[in-house]
**Q** 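Structure incoming, see below.
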There are 2 protein chains.
Amino acid sequence: MPIDELDGRLIELFTAEPRVGVLEASRRLGVARGTVQARLDRLSRDGVIAGYGPEIDPAALGYAVTAFVTLQLRQAGGHDPVAKRLAQVPEVIEAHTITGPGDMLCRVVARSNTDLQRVIDVLVDVAGVERASSVISLATQVAYRTLPLVRASARRAGRTGGTRPGEGGADGAKPGERPPG
Amino acid sequence: MPIDELDGRLIELFTAEPRVGVLEASRRLGVARGTVQARLDRLSRDGVIAGYGPEIDPAALGYAVTAFVTLQLRQAGGHDPVAKRLAQVPEVIEAHTITGPGDMLCRVVARSNTDLQRVIDVLVDVAGVERASSVISLATQVAYRTLPLVRASARRAGRTGGTRPGEGGADGAKPGERPPG
DNA sequence: CAGATGCTGGACAATCTGTACAGTCAGGAG
DNA sequence: CTCCTGACTGTACAGATTGTCCAGCATCTG
């Protein structure tokens, strides 16, 4: 939770170039390899870094259409059974229970607008779903991102300066080295 | 785009255990290392795998509240200038132009409900934004995922069986090996 | 049939990772 | 003021992995 400036730079680096590796990162950031390793371990342990899985682009898979579907549920039964059914639909990429007039908000993808109709029909068919109203995403103006958040968090939390006893060395932190990739 | 069954298993494996590496993956999947490498290259080149960046959890950073804000824009001016402003707000995690009564749908995060009020105020202050109506995510029933989609795509696309001239070897594809981590 | 493509099995040098350890430095406790 | 703790640096070493290349073989296409 207390992200410091080095953590921020670390995340930034790994977001920009995920394949750099610990050693290369230590060189780029000008810190010892052990430090990078320790930071990464801590960030993972604290849950800030949830994982490193490959990011799959549904569009590249042929699911060109994204839509947000608001579901209204029958009062009886609750959300969980519905959520369980929704989870079985591959096209449901994400689902939240929400405040307001609707009960659940789902992000779904489909191969085309025609295909979207099919997907929506599947959702409406789920037991407990009363109505569904959907809006189609025409364009993604801001793609999912967390970096600005990381930067903001890193800035506010103090602990900015680290220990700088010396420079140079064999294993890590060679200042003038040009990175390979 | 034409995801095959091996591609599917590959993505599945890397999603479950992102740190396995190419060599280990080749062992697990029972194919040659070069094959894994080639598949991964192709998936990246085709854009199916968009990247391997670390997944940051906003909640772990202190942004516990997620909300979906629908913006209505002034007719004149268009979406792009607004999107540009939105992109400058760290708390705006994602933004789409949409069909329907609203004009844009934004996913925003905040430190608390009180903080959310501040964020919404920022959005409403953006030039071109006429009104904002928001729903708060109470719970995430289905967390963002793409794996089911991958599986579905892998199943439908043919090319299921590959060339199987021989088994066993030194560099890759040792069947009975127990993976380290 | 020839060519292109994809996979296997193998090899090598260069690099990186996991891990460990001693020394330095800053901040807090006594 | 001194001691202790936590974080970082600088090193070291063995083992594993990566990038890259190559030849052989099978399938698909023209």
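Note that the coordinates shown come from a computational prediction; the quantities given were computed from them, not determined experimentally. Excluded from the calculations below are hydrogen atoms, water molecules and symmetry mates; all remaining heavy atoms, backbone and side chain alike, are included.
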**Q** Would you mind telling me which of D:dG19, C:dT17, C:dT8 lies closest to the side-chain atoms of A:Q37?
**A** C:dT17
**Q** Rounded to the Å, how far apart are A:R42 CZ and D:dA7 P?
**A** 8 Å
**Q** Side chains of residues 97-104 of chain B: which donor-acceptor partners sit under 3.5 Å, not counting sequence neighbours?
**A**
residue: B:T97; atom: OG1; partner: A:A139; partner atom: N; Å: 3.2
residue: B:T99; atom: OG1; partner: A:I136; partner atom: N; Å: 2.9
residue: B:D103; atom: OD2; partner: B:L73; partner atom: N; Å: 2.7

**Q** Would you tabulate the side-chain donor-acceptor contacts of residues 112-127 of chain A under 3.5 Å, counting partners in other chains and residues two or more places apart, or write 'none'?
**A**
residue: A:S112; atom: OG; partner: A:T114; partner atom: N; Å: 3.4
residue: A:S112; atom: OG; partner: A:D115; partner atom: N; Å: 3.1
residue: A:D115; atom: OD1; partner: A:R118; partner atom: NE; Å: 2.7
residue: A:D115; atom: OD1; partner: A:R118; partner atom: NH2; Å: 2.9
residue: A:D115; atom: OD2; partner: A:R111; partner atom: N; Å: 2.8
residue: A:D115; atom: OD2; partner: A:R118; partner atom: NH2; Å: 3.4
residue: A:Q117; atom: NE2; partner: A:D121; partner atom: OD1; Å: 3.1
residue: A:R118; atom: NH2; partner: A:E91; partner atom: OE2; Å: 3.0

**Q** B:S44 side chain to B:D41 main-chain N or O, any donor-acceptor pair under 3.5 Å?
**A** no
**Q** Take A:L147 and A:R151 through the side chain to side chain contact (heavy atoms under 4.5 Å, CB included) test and state the conclusion after the steps.
**A** CA-CA 6 Å; A:L147 218 50; A:R151 291 208 188 92; 3.7 Å; yes
**Q** side-chain contact (heavy atoms from CB on, under 4.5 Å) with B:R107: which residues, sequence neighbours excluded?
**A** A:E94, A:H96, A:R107, A:Y144, B:T66, B:F68, B:I93, B:E94
**Q** Whole angstroms only, please: what is the CD-P distance between A:E24 and C:dT17?
**A** 10 Å
**Q** So, OP1 or OP2 of D:dA7: does either fall under 4.0 Å of a side-chain N or O from A:R39?
**A** no
**Q** Taking CD from A:E5 and P from D:dA7, how many angstroms apart are they, rounded to a whole number?
**A** 18 Å
**Q** In degrees, rounded to 10°, what is the bend between the two ends of the helix from C:dC1-D:dG30 to C:dG30-D:dC1, using five pairs at each?
**A** 40°
**Q** Could you state the CG-C1' distance from A:D4 to C:dA26, rounded to the nearest angstrom?
**A** 15 Å
**Q** For B:R45 and C:dT5, what is the distance between atoms CZ and P respectively, to the nearest whole Å?
**A** 11 Å
**Q** Do any side-chain atoms of residues 51-58 of chain A form donor-acceptor pairs under 3.5 angstrom with protein atoms, and if so which ones, sequence neighbours left out?
**A**
residue: A:E55; atom: OE2; partner: B:G53; partner atom: N; Å: 3.2
residue: A:D57; atom: OD1; partner: A:A59; partner atom: N; Å: 3.1

**Q** Just N and O in the side chain of A:R27: are any of them under 4.0 Å from OP1 or OP2 of C:dC16?
**A** yes
**Q** B:L23 side chain: which of C:dT17, C:dC16, D:dT17 is closest?
**A** D:dT17
**Q** Between B:L40 (CG) and D:dT17 (P), how many Å, whole number?
**A** 16 Å
**Q** Quick one: which of C:dC7, D:dT18, D:dG10 gets closest to the side chain of B:T35?
**A** C:dC7
**Q** Counting only pairs under 3.5 Å, give me each side-chain donor-acceptor contact of residues 128-135 of chain A, with atom names and distances, residues two or more places apart or in other chains.
**A**
none

**Q** Once hydrogens and angles are ignored, does a donor-acceptor distance under 3.5 Å link the base of C:dG18 to the side chain of A:R33?
**A** yes
**Q** Quick one: B:Y52 OH to D:dT18 P, roughly how many Å, whole number?
**A** 12 Å
